[in-house]
Amino acid sequence: MTQPLNEDQEQFRAVVDRFLTDKSPTTQVRRLMETDRGYDAGVWKQLSQELGLAGTHLPEIHGGFGFGPVELGIVAEQMGRHLYCGPWFSSSVMAGSMLMLGADEQGRESCLPGIASGESIATLVLDDLTAPARVGQHIHADLLSEGATLSGHAGIVTDAHVADLLIVVAGTGTGRGLFSVAPDTAGVEITPLQSIDPTRKLCRVNFEAAAAIPLGELSEAAMEAAWDYMSMALAFELIGSAQVLFDSTIDYMKMRVQFGRTIASFQALKHKSADLLLELELAKATVRQSAHELANGGQEPWLCSMAKAMAADACMSVARSAIQLRGGIGFTWENDTHLWFKRAKSSEVFLGSPYEHRERVMQMMERSVA
Amino acid sequence: MNGQEREAAIIAEVTEWISANWNPDLSLQAWREILVDGGWAAPAWPEACHGRGYTEAEASVVSRVFRQHQVVGAASSGPRGLAAETILAHGSDDQKKRYLRKILTGEHAWCQLFSEPGSGSDLAGSSTKAEFIDGRWIINGQKVWNTSAHHADYGILLARSDWDLPKHQGLTYFLIDMHQPGVEVRPLRQMNGHASFNEVFMTDAVVAAEDMIGGIGNGWAVAATTLSVERRGFSRDRSVQSFAGLSGRVYDEYQEEQRIANEPYTWYPQRAGRVDLILSRARETGAINDPHVRQEIVRLLSMRKGADLAAAGAAAMKKAGTNEVIPAGSIAKLAASEIARKAAHVHTMISGPEAMLAGSDSALEGTIAEILISVPAISIAGGTDEIQKNIISERVLDMPREPRFDTGPFRDIARNTADT
Ligand SMILES: Cc1cc2nc3c(=O)[nH]c(=O)nc-3n(C[C@H](O)[C@H](O)[C@H](O)COP(=O)(O)OP(=O)(O)OC[C@H]3O[C@@H](n4cnc5c(N)ncnc54)[C@H](O)[C@@H]3O)c2cc1C
């Protein structure tokens with residue numbers, strides 16, 4: 001059963017919310033999205049060092065808070081609410097979770113403390129963003145007696161242009177391995193790309209016999225577990241965004257007058273709103289449960305994928321309506337709605353589209369009865 | 001005590017009580033009297049009314065233990081729950097004493113007499129007449145779509161006691177004895193061939209003064225309680241335990257009770273879409289290998305999961321006293337409709353051309369066909385989808401109410417011409 005947040009969690013949520021309300025208003029989002037780097041180093045430092053958010057779910061022995069998926073979800077939801085611009089998702093959620101779940105002891109010890117403290121910004125280089133089973137086919141590792149070299153490319157990598165550390169999943173011929181590469185190593189080429197969501201900076205990453213440090217073999221289970229973690233966190237981001245869009249749209253409808261009455265009084269729009277509320281509530285309930293599922297390892301391992309698919313669909317439904325129900329003003333650059341619309345559109349296909357995630361749910365269900 | 005300790009304590013107490021009291025050789029009636037006296041027939045009811053004041057979650061632990069030990073529980077079929085919850089919320093001590101126990105023991109069956117030919121969604125437009133003459137209420141009018149009225153002992157009845165007040169203020173709520181000369185029940189055949197609902201004609205039917213509930217002119221507020229209970233019920237699992245193959249008088253009499261009481265409801269699980277059959281059907285037919293079908297299946301199962309979780313969340317909130325009941329019921333009801341429609345769609349995809357067949361020629365002895373022709377009921381019964389959306393947008397989202405054309409004295413407002 002879904003549990004409401006306990007008092008500590010509620011307080012934690014309020015702290016993150018207050019911080020981001022202060023540091024990430026849309027004026028700031030608009031300023032940062034126009035920059036190449038895309039984030040404010042001072043805010044990142046406060047976020048990671050004063051609030052400790054970079055290490056929310058990372059183990060205490062590696063400098064993290066040691067919180068679980070529920071708290072990670074709380075942070076991610078606020079990130080989506082406030083459209084935080086910065087490497088938190090790339091570094092803490094993606095690289096951090098992958099290392100925590102897939103790296104060997106030495107790899108965790110060498111990489112996680114920097115990520116947890118925010119002093120080192122990492123990103124996870126995946127050569128496929130559609131499904132965990134497909135990762136590791138475009139980047140290949142040659143294992144040497146000491147170290148390794150990587151060759152190949154990843155078409156879309158978040159925040160690589162500001163990363164101090166690349167965590168890479170590469171095929172090894174016999175399976176997959178996890179590697180770390182310093183971005184300034186010879187044979188590494190990072191090319192910034194234009195992104196539909198300017199608050200999420202994207203790059204292409206090429207490796208040409210680039211020297212890498214092996215962090216251990218990556219089992220299929222670890223790859224799947226990391227995918228679950230990342231999908232769950234992204235689902236929380238999506239419902240955070242969806243809620244802002246939904247609330248602001250209802251408020252707008254209550255204010256806007258046409259035909260001598262507020263547009264909120266038109267039954268067609270009331271019914272549309274009820275439909276959206278239902279879709280959003282079902283998604284929220286599933287997303288919240290997916291965090292508990294991850295924390296407790298329950299009976300429904302497919303919940304993270306289910307949550308990501310539902311959250312992406314619900315957020316896009318709300319985002320489309322948020323523009324439609326505002327009319328012309330909704331389509332302007334000046335109105336803030338498109339900022340969330342673009343984040344939603346980008347997140348919809350990032351780390352697996354709803355279509356891919358539903359297929360993954362089906363496969364997991366089939367396995368569980370087999 | 002934390003949740004787990006509390007649960008363990010409940011399980012221990014129920015188990016001990018069952019081992020001391022359960023006897024399958026009693027009559028069903030005798031067993032249920034013991035059950036009610038023991039306080040286990042309705043643990044979520046208040047202590048003063050046969051219950052224990054448990055939360056819904058705690059009460060579900062009790063039913064689980066009953067199921068595990070294959071012990072027959074309180075009577076639960078039909079609209080009796082609506083009557084019970086309404087009496088609990090608005091009834092006098094005397095009414096609680098006279099009616100609640102017999103609802104639990106199964107001695108009395110109930111029906112809901114709300115809808116009329118002239119007023120369905122617009123329930124407050126009831127034009128059934130209630131007149132107080134010589135110390136008792138005389139009822140004249142027609143009700144329709146009344147499920148189970150053909151074997152009900154009592155009805156919960158909404159009628160108009162004052163035609164000069166605005167519509168919502170002139171209503172009064174009654175508990176009516178169905179076994180009297182002034183009440184005539186005629187079954188109606190539905191599009192799925194079953195006849196679970198009826199027309200009910202009341203001609204100078206009599207209700208005793210002490211069977212009015214909630215006060216004169218307060219009928220609308222009382223009806224709101226009934227409706228919110230009804231709407232929350234749409235998401236509930238209605239499956240009943242069969243106790244098949246077990247011997248003992250309680251079991252035999254229970255089977256017979258179920259056969260009669262549940263006859264109008266055999267198609268209700270189909271009306272909700274039978275999501276439980278989807279995966280096995282997809283496997284049997286091979287449709288599970290079709291990528292389109294796989295997508296639709298997961299969409300459906302996701303909605304089902306989300307709705308269950310959201311309902312559980314709402315129940316937890318309700319317990320904490322922070323949530324209004326009616327909107328939660330409306331969200332659950334709207335979700336149930338959407339899920340049922342989606343399920344019918346997926347069953348059709350899975351069956352392909354075989355969806356053209358019915359009865360014993362169709363899959364699962366007609367169950368699949370019955371789903372396809374029963375699902376349209378769920379978005380009408382208990383308040384249509386459109387009405388739920390009005391309620392959600394107005395009560396949850398605080399959007400403006402619909403414009404009104406029905407203010408002023410009831411006798412002056414536009415009504416369907418058949419009404420008098
Ligand atoms: C299987 C079944 C069992 C039932 N059991 C019972 C029972 O036991 N007891 C009982 O009293 N009743 C029962 N009902 C009746 C049920 O509650 C009514 O049928 C329902 O409330 C709709 O009323 P109506 O049929 O008069 O349709 P109408 O109210 O005439 O509605 C017709 C259409 O107009 C739409 N509409 C109406 N008002 C609005 C509005 N304000 N905004 C937008 N759209 C609107 C409706 O959504 C619907 O689509 C049952 C119905 C069914 C199908």
Side-chain angles (χ1 to χ4, degrees), chain A residues 1-4 246-247 249-251 253-254 261-290 292 300 302-303 305-311 313-314 354-366 368-370, chain B residues 3 57 60 278-280 282-283 288-289 291-317 319-320 322 327-328 330-335 337-339 385-403:
Chain A
M1 207 173 86
T2 35
Q3 300 132 20
F246 183 76
D247 293 344
T249 304
I250 300 290
D251 288 346
M253 287 193 281
K254 289 177 184 168
R261 52 200 269 209
T262 62
I263 60 170
S265 70
F266 294 122
Q267 194 181 55
L269 305 197
K270 287 165 70 178
H271 285 194
K272 177 82 207 170
S273 304
D275 286 336
L276 290 173
L277 177 80
L278 181 65
E279 190 179 0
L280 183 54
E281 287 301 315
L282 301 197
K284 275 159 58 185
T286 310
V287 171
R288 297 197 198 296
Q289 184 66 14
S290 74
H292 292 289
E300 300 175 288
W302 49 78
L303 273 182
S305 267
M306 199 177 248
K308 167 73 189 352
M310 291 172 85
D313 282 344
Y355 185 89
E356 302 281 358
H357 277 286
R358 281 191 288 269
E359 177 56 31
R360 186 163 179 259
V361 170
M362 196 71 223
Q363 287 176 13
M364 288 171 134
M365 284 183 169
E366 284 179 299
S368 89
V369 292
Chain B
S60 76
I278 291 278
L279 279 175
S280 58
R283 253 183 243 117
I288 199 157
N289 299 315
H292 297 292
V293 175
R294 294 166 75 82
Q295 287 292 313
E296 294 304 293
I297 289 176
V298 179
R299 275 181 205 275
L300 170 64
L301 298 180
S302 302
M303 285 163 74
R304 168 86 268 168
K305 187 76 209 167
D308 288 347
L309 291 166
M317 294 254 283
K319 200 167 55 187
T322 52
S330 292
I331 292 173
K333 176 144 203 255
L334 188 57
S337 274
E338 300 254 4
I339 289 165
D385 279 7
E386 289 76 18
I387 294 301
Q388 306 313 325
K389 290 181 192 183
N390 283 351
I391 293 173
I392 292 167
S393 55
E394 292 170 12
R395 312 272 178 88
V396 182
L397 300 175
D398 204 22
M399 297 169 90
R401 300 283 171 116
E402 289 297 293

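Only a predicted model underlies this, so the values are computations on that prediction, with no experimental measurement involved. Chain naming here is simple, since letters A, B, ... match the order of the sequence lines and numbering starts at 1 in each.
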Undergrad: Could you tell me which portion of E386(B) (side chain, backbone, both or neither) has an atom closer than 4.5 angstrom to a non-hydrogen atom of chain A?
TA: both

Undergrad: Against chain A, label R283(B) side chain, backbone, both or neither, depending on which of its atoms sit under 4.5 Å from a heavy atom there.
TA: side chain

Undergrad: Could you list the residues that satisfy salt bridge (charged side-chain N to carboxylate O under 4.0 Å, His left out) with R358(A), not counting sequence neighbours?
TA: D313(A)

Undergrad: Is chain B contacted by the side chain of K254(A), its backbone, both, or neither, given a heavy-atom distance below 4.5 Å?
TA: side chain

Undergrad: Please classify the contact between L303(A) and chain B as side chain, backbone, both or neither, with a heavy-atom cut-off of under 4.5 Å.
TA: side chain

Undergrad: How close do S330(B) and Q388(B) get, counting heavy atoms only, and between which atoms?
TA: OG-OE1, 2.9 Å

Undergrad: Less than 4.0 angstrom from a charged side-chain N to a carboxylate O is my criterion; do K389(B) and D385(B) meet it?
TA: no

Undergrad: Where does F266(A) contact chain B at under 4.5 Å (heavy atoms): side chain, backbone, both or neither?
TA: neither

Undergrad: For E359(A), what residues pass the salt bridge (charged side-chain N to carboxylate O under 4.0 Å, His left out) criterion, not counting sequence neighbours?
TA: R294(B)

Undergrad: Select one option (side chain, backbone, both, neither) describing which atoms of D275(A) are under 4.5 Å from chain B's heavy atoms.
TA: side chain

Undergrad: Quick one: which of L279(B), L334(B), V396(B) has the most heavy-atom pairs under 4.5 Å with chain A, could you say?
TA: L334(B)

Undergrad: Are any of the side-chain heavy atoms of E366(A) and I288(B) separated by less than 4.5 Å?
TA: yes

Undergrad: Please examine the side chains of L397(B) and K270(A), heavy atoms only from C-beta on, and report whether any two atoms are closer than 4.5 Å.
TA: no

Undergrad: Please state whether the side chain, the backbone, both or neither of E300(A) comes within less than 4.5 Å of a heavy atom of chain B.
TA: side chain

Undergrad: Of all of M310(A), H357(A), M253(A), which one pairs up most often with chain B through heavy atoms under 4.5 Å apart?
TA: M310(A)

Undergrad: Flag the pair E281(A) and K284(A) as a salt bridge only when some basic side-chain nitrogen lies within less than 4.0 angstrom of an acidic carboxylate oxygen.
TA: yes

Undergrad: Which residue out of T262(A), L277(A), V287(A) racks up the most heavy-atom pairs below 4.5 Å with chain B?
TA: L277(A)

